[in-house]
Amino acid sequence: MAIENKLSIGILGATGMVGQRFIQLLENHPWFEIAWLAASDRSSGKRYADAAKWRLDTPLPERIGKMTVAPADPEGAPKIVFAALDAGIARELEPRFAGAGCAVISNSSAFRMAANVPLVIPEINAEHLHLIEEQPTRKDSGGYMVTNPNCSTIGLVMALKPIQERFGIEQIFVSTMQAISGAGYPGVPSMDILGNVVPYIGSEEEKMEAETLKLLGKLEGHAVTPLPARITAHCNRVAVEDGHTECVSLKLGRPATREEILAAWAEFKPLAGQALPTAPDEPVQWTPEPDRPQPRLDRNRGRGMAVTVGRLRPCSLLDWKFVVLSHNTIRGAAGAAILNAELLASLGKLEPRA
Ligand SMILES: NC(=O)c1ccc[n+]([C@@H]2O[C@H](COP(=O)([O-])OP(=O)(O)OC[C@H]3O[C@@H](n4cnc5c(N)ncnc54)[C@H](OP(=O)(O)O)[C@@H]3O)[C@@H](O)[C@H]2O)c1
């Protein structure tokens, strides 16, 4: 698909960790152009370069640094808004933007589990986008909300989907080692995390369990029926900058050989031919080395949009176990939202309604 004139987009929460990733990933995007940046009262009215503490390892684009941060108000905002707000404030602001006719492509957990809000990964459940039409704002102003999952959920579900569609999944056990950037900036104090592991991330286990089953669920009529599998998650914060690593054990619906599982991952290319600019060619990449995947070595595969799986072996409690790694602020946040917006654009659902 070609888009002749770039679509103007805004970023809510532009100064945070995920907001900065949006800016980095949208620089030179073929379809979208950043036209508006907003954050809290602490930042609004300032030049972006003064308001944000730029934390990424590529330079802040000059044009963006000079932009003035706007108040987080729909007036003056473009009709396409990427949102990277804390959940508490997202709960209040995102519906206001949707009510004002904006397509709100959100990263926060505030509405992920709402029955009429799609929780989407384009490779996994694009058909759930239909839920947009169930939102009252869609009928009134044309605006709507679409969400992407938690950063720890997305890697897991990318690895599970190819297995689930061929063999079924009955039970899922997952234990995570999550990077500090997942907690935003400044995040976990260095005195708490250096040389340490924190075996608790508030609400993370509940989010991972519920979101995984919604993502792998079926759209039936006006709602999603979650996958009828049992799942348990252990979530841990570790002293890694970027990249969440997860150890997974699965009980399948029917037996599968190692070769069949490797083939399911290798052949999983549901977006092939759709030419979405941010979609990786190979979304689930296998690494045969016995000590991979590792965050520092594998997180940037597919420009941070591919997940890496390794160490597939029989599990003596369930059927199979493996390790999956994904980049938490790219595939797990800003990149996921951008891919959702590209899918919406390709379906003609990003343009304001007449
Ligand atoms: N980091 C990750 O890996 C990750 C992954 C997936 C999802 N998420 C989700 O994405 C969201 C953002 O996460 P983050 O890590 O980027 O957090 P963050 O670094 O703390 O950034 C929060 C952003 O929200 C803005 N904000 C705070 N209060 C506001 C208000 N009252 N009005 C308007 N803007 C306000 C902040 O602006 P100021 O700078 O002006 O305070 C900042 O731009 C969260 O919901 C998080 O759970 C994060």
Side-chain angles (χ1 to χ4, degrees), residues 10-25 36-56 64 67-74 77 81-97 104-113 119-121 145-157 176-188 201-204 206-208 211 235 237-238 240-245 295 299 304-305 325-340:
I11 304 173
L12 255 177
T15 50
M17 278 316 304
V18 176
Q20 295 185 20
R21 277 289 176 202
F22 273 121
I23 289 170
Q24 184 190 51
L25 297 177
W36 182 88
L37 303 170
S40 78
D41 294 346
R42 292 178 289 278
S43 307
S44 79
K46 294 185 185 162
R47 273 174 13 120
Y48 183 84
D50 299 326
K53 200 169 164 105
W54 186 256
R55 306 306 306 163
L56 301 183
I64 302 292
M67 285 174 72
T68 302
V69 179
D73 190 282
V81 172
F82 292 107
L85 296 168
D86 301 311
I89 188 72
R91 203 163 284 122
E92 178 193 326
L93 287 183
E94 290 180 358
R96 275 186 35 209
F97 280 77
V104 180
I105 323 290
S106 167
N107 261 285
S108 101
S109 59
F111 295 100
R112 284 181 197 143
M113 295 306 296
L119 171 63
V120 170
I121 304 172
M145 297 184 288
V146 167
T147 61
N148 53 259
N150 183 278
C151 45
S152 53
T153 307
I154 204 157
L156 175 69
V157 172
T176 71
M177 288 155 275
Q178 298 183 217
I180 48 175
S181 60
Y185 187 83
V188 194
I201 305 174
S203 304
E204 193 84 353
E206 293 82 351
K207 284 183 202 166
M208 238 188 138
E211 290 175 16
C235 294
R237 186 76 70 198
V238 297
V240 163
E241 201 180 339
D242 288 312
H244 290 352
T245 309
R299 65 188 167 213
M305 289 297 287
L325 172 99
S326 58
H327 196 304
N328 55 296
T329 59
I330 300 180
R331 182 79 232 200
I338 294 169
L339 190 54
N340 276 350

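What's counted below: heavy atoms across the whole structure, side chains too, no hydrogens, waters or symmetry copies. Read the numbers this way: they start at 1 and go in the same order the structure lists the ligands and their atoms.
- In this structure, atom 19 (O) of ligand 1 is in close contact with the protein, since a protein heavy atom lies within 4.0 Å of it.
- Of all protein heavy atoms, the one closest to atom 1 (N) of ligand 1 is Ser181 O, 3.0 Å.
- Both the backbone and the side chain of Asp86 come within contact range of ligand 1, each with a heavy atom under 4.0 Å.
- Under the 3.5 Å distance criterion, the side-chain polar atoms of Arg55 are left unmatched by any main-chain donor or acceptor of Tyr185.
- Closest heavy-atom approach to atom 11 (C) of ligand 1 within the set Leu85, Asn148, Asn107: this belongs to Leu85.
- Close approach of ligand 1 to Tyr185 (heavy-atom distance below 4.0 Å) involves ligand atoms 19 (O).
- Of the listed residues (Asn328, Val18, Thr15), the one carrying the non-hydrogen atom nearest atom 38 (P) of ligand 1 is Thr15.
- With hydrogens left out, the protein atom closest to atom 15 (O) of ligand 1 is Gly184 CA, 3.0 Å, a heavy atom.
- Between Arg21 and Thr329, the side chains place a donor N or O and an acceptor N or O closer than 3.5 Å (distance only, hydrogens not considered).
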Exercise. Would you check, one step at a time, whether the test side-chain contact (heavy atoms from CB on, under 4.5 Å) holds for Leu119 with Phe111?
Key: CA-CA 9 Å; Leu119 171 63; Phe111 295 100; over 6 Å; no

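- For atom 46 (C) of ligand 1, the nearest protein heavy atom lies 4.0 Å or farther away.
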Exercise. Go through the steps for Thr176 and Met208 under the test side-chain contact (heavy atoms from CB on, under 4.5 Å), then give the verdict.
Key: CA-CA 10 Å; Thr176 71; Met208 238 188 138; 3.8 Å; yes

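- A distance-only check finds no donor-acceptor pair linking the side chain of Glu94 to the backbone of Met145 [under 3.5 Å].
- Between the Gln20 side chain and the Thr15 main chain, a donor and an acceptor come within less than 3.5 Å of each other.
- Below 3.5 Å of separation, one finds no N or O of Cys151 facing any N or O of ligand 1.
- For atom 41 (O) of ligand 1, the closest non-hydrogen atom on the protein side is Arg42 NH2, 2.7 Å.
- The shortest N or O to N or O distance between Ala72 and ligand 1 is not below 3.5 Å.
- Using a distance-only test at 3.5 Å, with no hydrogens or angles considered, a donor-acceptor pair links the side chain of Arg237 to the main chain of Ala179.
- If you look at Ser109 next to ligand 1, there are no close heavy atoms at all, none under 4.0 Å.
- Closest of all the heavy-atom pairs between Ala84 and Gly19 is CB-N, 3.9 Å.
- Between the side chains of Asn150 and Ser109, not a single donor N or O lies within less than 3.5 Å of an accepting N or O.
- Protein heavy atom at the shortest distance from atom 12 (C) of ligand 1 is Ala84 O, 3.3 Å.
- Ligand 1 places these atoms under 4.0 Å from at least one heavy atom of Ala333: 5 (C), 6 (C).
- At a heavy-atom distance under 4.0 Å, only backbone atoms of Ala87 (N, CA, C or O) approach ligand 1.
- The shortest contact between atom 29 (C) of ligand 1 and any protein heavy atom is with Ser40 CB, 3.5 Å.
- Taking CD1 of Ile330 as the reference point, atom CD of Gln24 lies at 6.0 Å (rounded to 0.5 Å).
- The protein atom (non-hydrogen) at minimum distance from atom 40 (O) of ligand 1 is Ser43 OG, 2.5 Å.
- Residue Lys53 places its NZ atom among 12 or fewer non-hydrogen atoms of other residues, nucleotides or ligands, all under 6.0 Å distant.
- Atom 21 (O) of ligand 1 has Gly16 CA, 3.2 Å as its closest protein atom, hydrogens excluded (heavy atom only).
- Taking only nitrogen or oxygen atoms, main chain and side chain alike, Ile89 does not reach within less than 3.5 Å of ligand 1.
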Self-check item: Working for side-chain contact (heavy atoms from CB on, under 4.5 Å), residues Glu211 and Ile154
Solution: CA-CA 9 Å; Glu211 290 175 16; Ile154 204 157; over 6 Å; no

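- Residue Gly332 has no nitrogen or oxygen atom sitting less than 3.5 Å from a nitrogen or oxygen atom of ligand 1, judged on distance alone.
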Exercise. Start with the C-alpha gap between Asn107 and Asn148, add the side-chain angles, then the distance that decides, and say whether side-chain contact (heavy atoms from CB on, under 4.5 Å) holds.
Key: CA-CA 6 Å; Asn107 261 285; Asn148 53 259; 3.2 Å; yes

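- Listed by number with element, the atoms of ligand 1 under 4.0 Å from a non-hydrogen atom of Thr329 are 1 (N), 2 (C), 3 (O).
- For a threshold of 3.5 Å applied to N or O pairs, the pair formed by Ser108 and ligand 1 contains no separation below that value.
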